[in-house]
Number of protein chains: 2
Amino acid sequence: MEHSKSATSTDRAYRQLRDAILSGSLPTDRKVTETGLASMLGLSRTPVRAAIGRLLIEGLLQRRSGSGLWCVLPTPGEMQEIFDIRARLESYAAARAAERASAEQREAVKQSAERMSRHVAALAKRSDPDIARRIEEENAFFHRLILEAACAPRLERLLQSTVDVAFVSLTLQRYSLGQRVRSAGHHHDIAEAIALGMAEWAARTMEAHILAAAASFRNRYGVAAETPQDDKA
Amino acid sequence: MEHSKSATSTDRAYRQLRDAILSGSLPTDRKVTETGLASMLGLSRTPVRAAIGRLLIEGLLQRRSGSGLWCVLPTPGEMQEIFDIRARLESYAAARAAERASAEQREAVKQSAERMSRHVAALAKRSDPDIARRIEEENAFFHRLILEAACAPRLERLLQSTVDVAFVSLTLQRYSLGQRVRSAGHHHDIAEAIALGMAEWAARTMEAHILAAAASFRNRYGVAAETPQDDKA
DNA sequence: ATTTCAGAAATTGTATCCATATTCTTAAGT
DNA sequence: ACTTAAGAATATGGATACAATTTCTGAAAT
């Protein structure tokens, strides 16, 4: 659940670079170099290159023709795309989980939903300054539980490595209290659908859950509703 | 549309290893080593390691706990999973293509469907010994056209890593003539839906198109899920 | 002044080397 | 005979060295 403190240098480099890109501390308006990143991290180029390879696949870095390596943050349009993809894949995961989760897994999902409700209640009472982080972790845990219960290794890899969860939690951080209450309600609905083995209900609720997050993101970052006329990004 | 011979050693290593795994010329019942693969390809470990990194992400290689590197081919259950994922992602691509394809792209999709029909007709007349390959290429081209028209770079990357795994397995199977005729019909339907901008129709037809392929695959290779008996080839 | 060519600098791709961790083998002890 | 421990062999992760391609700079020629 938490990052094990010491992994390989490659893993550390990957996480550090990803965080640096997502937090905006790496420039997106000029090119970066492998050597520069390596010396910034205090490592040789070898592990940094491996990390760069992963980030290239995930799309957070790009090699532009004849002008080096660039950090790339998803445009609002791409964020919408990411949410749409997640809605489709996670609803599939929810349906599979409803069909094949073990009894313990169904119980665990329900308990996660319960905990989430308590966290949100605590947030309303301002009783815990650290509660926002707890909510985010609980949310990630909930989705991970379902993904595991879905018993779908390929789906898991796709969701984990290519459409980054960090984007979603970025959105979650800005939820209003009302949104959080409703989001916790979604978790309850999904948990119940999975517990009862109702795949279609689970899938549609998960879809709605993620599209709600997408809508919230759109509101925040000011991309008005999708215009029929094509805006090239 | 084909690989130019000149590329970086890493790319060559990646392609060679991927082909070797998918074609079954690398063992899946005992472990392989980086050093062994490198000397097999006549390269140093460095580019081979980069290639291995990509294959690990794609799931064609796995590091098993404390016992090295293994080649992994998708099980029939995973193939079903891959088809399900493709059905969801490519139907999304079709919907987006219906909404935002250019006039030229809509025309190109229709023309590809036309060519496919002609190829299938030629197949019926046995007039071209090479026709099966042509059909495969046209099919790949059709799907690629739609993916490009969808204007969704993330989706494109995501599908690229899942599709080609499915494709190689697909080429192992032989569609019956009747199936090919119906498949070409799907292409026409999808092309028309996209041409008319009818996103929902395009999406549902694409979904059905891929699930039909999945069913055909299951009949040949899968554990017969719930089919009482399979039909004649 | 603009263009072009050459040399220099820099960046990426590849190979080799080293260190650490893990496995396999062998020998010793109970 | 079986178990365990120690050392050897092997494999992987990382660093450095090297090569080749690409880019930048500058000067010369039209």
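Bear in mind the structure is a predicted one, so any value in this text is a computation, not a measurement. Basis for what follows: all heavy atoms, side chains included, without hydrogens, waters or symmetry-related copies. Order of the sequence lines fixes the chain letters, A, B, ..., with proteins taken first and strands second; residue numbering starts at 1 for each chain.
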Worksheet item: Tell me, which of residues 34-50 of chain A have any heavy atom that sits under 4.0 Å from an atom in DNA chain C?
Response: A/E34, A/T35, A/R45, A/R49
Practice prompt. Would you tell me if any nitrogen or oxygen in the side chain of A/T8 comes within less than 4.0 Å of OP1 or OP2 on D/dT12?
Written response: no
Worksheet item: Can you name the residues that form a side-chain contact (heavy atoms from CB on, under 4.5 Å) with B/T33, not counting sequence neighbours?
Response: B/T35
Worksheet entry | Which residues share a side-chain contact (heavy atoms from CB on, under 4.5 Å) with A/A202, sequence neighbours left out | A/A94, A/A98, A/A193, A/I194
Practice prompt. Decide, yes or no, whether a salt bridge links B/R154 with A/D84 under the criterion of side-chain N to carboxylate O below 4.0 Å.
Written response: no
Practice prompt. Could you state the atom-to-atom distance from CG of B/L69 to C1' of D/dT12 in whole Å?
Written response: 10 Å
Practice prompt. Can you tell me the distance, in whole Å, between the CZ atom of B/R64 and the P atom of D/dA11?
Written response: 18 Å
Discussion item. If I take atom CD1 in residue B/I52 and atom C1' in nucleotide D/dG13, what distance separates them, rounded to the nearest angstrom?
Written reply: 12 Å
Fill in: Partner set under side-chain contact (heavy atoms from CB on, under 4.5 Å) for B/S9, not counting sequence neighbours
B/R12, B/L43, B/P47
Practice prompt. For A/A38, enumerate each residue passing the side-chain contact (heavy atoms from CB on, under 4.5 Å) test, keeping only those at least two apart in sequence or located in another chain.
Written response: A/R45, A/V48
Discussion item. Under the salt bridge (Lys or Arg N to Asp or Glu O under 4.0 Å) definition, can you give me all pairs with a residue in residues 89-98 of chain A, not counting sequence neighbours?
Written reply: A/R86-A/E90
Worksheet item: Can you check the A/R63 CZ to D/dT22 C1' distance for me, whole Å?
Response: 13 Å
Worksheet entry | Interatomic distance where CH2 belongs to A/W70 and P belongs to C/dT12 [whole Å] | 13 Å
